[in-house]
Amino acid sequence: MWIINERGEQVFAQGQSAWAAAAQQANLCPAFKADDEDEWVADQAISCYNCAYRRWTQDSFVCCKPSLRDKSSA
Amino acid sequence: MHILISIDDTDEMKRDGIEVRGTGELAGMIAARIEERGWGRCEPVTRHQLLVHPDIPYTSHNSAMCFAAHIAAHRLQDITALAGDFLWAESAPGSDPGLCIVVPERVLMPGWLMSFAFMAKNVVLTKDEAYELAGALGIHLSEHGGTGDGVIGAMAGAGLRFSGNDGRFRGKLKFKSADNTLTVREICSRTIVEQVKSIKDGRVLDWEERVLLGEGPKAVLMNGLAVMLVESCTGDESCWWQTCSKSQVKAY
């Protein structure tokens, strides 16, 4: 479901139209945070595609959620 | 006087526990301040998608926000100052905000502006190119923090709004209907929507045609109008049409 790119970023491997998979991943993710509704593109409210921590790329998106390590040291 | 106010690159990635206002919200706040001061009447904000590319330092989606305002000509300088000061004060730390203000009636080569704008959806453009064009067309372009790279997207946003054929209107369309259906006439009289069109073939629906209302439909900018897109209805024989979903209008 995820791959690591050359910058060490976590990239969604399914592209920009895998609606069910993106919803499934968001439902499993404790860091999910809805972006502004104007930036939503998925019909399922809880979807990585609607998350404030996703950064779109040309083919998919990078997950920029804060890591558990960052949270514990904050 | 009719003007276009466009901003870009005012936000940064949301951090845990910290709320960051989106560029659309800031655009709406500038519009509200113009109206509160009695300086003009503002139209709804539109969101314009620009190129997503590794060479562009966007935050998460690279979209610009723009709105039109109808103002008294002598308020143009006040509004330019208000918008600029607002971006300095309210943009997120680490962002690169840009402001563009266009007076459409004074743009003698509108095709140049629209070409720049549509190129920004497909090609990496530079600040120098934005400033060169702004100078040639007499367009206000200013930086309000960081690298100021947001001027590129701000001018693109203004050009796309100027074209009348790009972007989605900010905010959900809100309706009240007992059976969750309304006629086109009712939709147009109760919301910003000016026309309802079939997404399949672009046919404009008649006033009395009835539409089943889905979750949070959006209006898009087409031929200078706020257009609600609909598709053939499935499963409800009392309606021929239903509103398009977010995934269907994401390309606009």
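All chains are named by letter (A, B, ...) in the order of the sequence lines, taking the proteins before the strands, and each is independently numbered beginning at 1.
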inquiry  = For B:Glu215, I'd like to know if atom CD has over 12 heavy atoms of other residues, nucleotides or ligands within 6.0 Å.
reply    =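 Count not over threshold, so no.
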ask   = Considering all heavy atoms of both residues, which atom of B:Phe169 and which atom of A:Asp38 are nearest to each other, and what is their separation?
value =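 Closest heavy-atom pair between B:Phe169 and A:Asp38: O-OD1, 4.3 Å.
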Contacting moiety of B:Lys218, where chain A heavy atoms sit under 4.5 Å =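 Side chain only.
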task = Indicate yes or no for a side-chain donor-acceptor contact from A:Tyr49 to the backbone of B:Ser247 under 3.5 Å, with no hydrogens or angles considered.
result =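 It does not hold such a pair.
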query = Any donor and acceptor pair, going by atom type alone, linking the side chain of A:Arg55 with main-chain N or O of B:Thr59 inside 3.5 Å?
reply =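 Yes.
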Could you give the distance from [atom1] ([X]) to [atom2] ([Y]), rounded to the nearest 0.5 Å?
X	Y	atom1	atom2	answer
A:Asp36	B:Glu25	CG	CD	7.0 Å
B:Ser60	A:Arg54	OG	CZ	5.0 Å
B:Ser245	A:Trp19	OG	CH2	8.0 Å

Option that, when pairs with chain A are counted at under 4.5 Å, heavy atom only, ranks first among B:Gly214, B:Gly24, B:Gly171 =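 Sorted descending by pairs with chain A, the first entry is B:Gly171.
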message = Is there a side-chain contact between B:His61 and A:Asp35 in this structure, where contact means two heavy atoms from C-beta onward sitting under 4.5 Å apart?
response =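 Touching, per the 4.5 Å side-chain cut-off.
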request  = Please look at A:Gln16 and chain B and tell me whether the side chain, the backbone, both or neither of the residue comes under 4.5 angstrom of a heavy atom of that chain.
outcome  = both
remark   = Per salt bridge (Lys or Arg N to Asp or Glu O under 4.0 Å), A:Glu37 is matched among B:Arg168, B:Arg47, B:Lys246 by B:Lys246
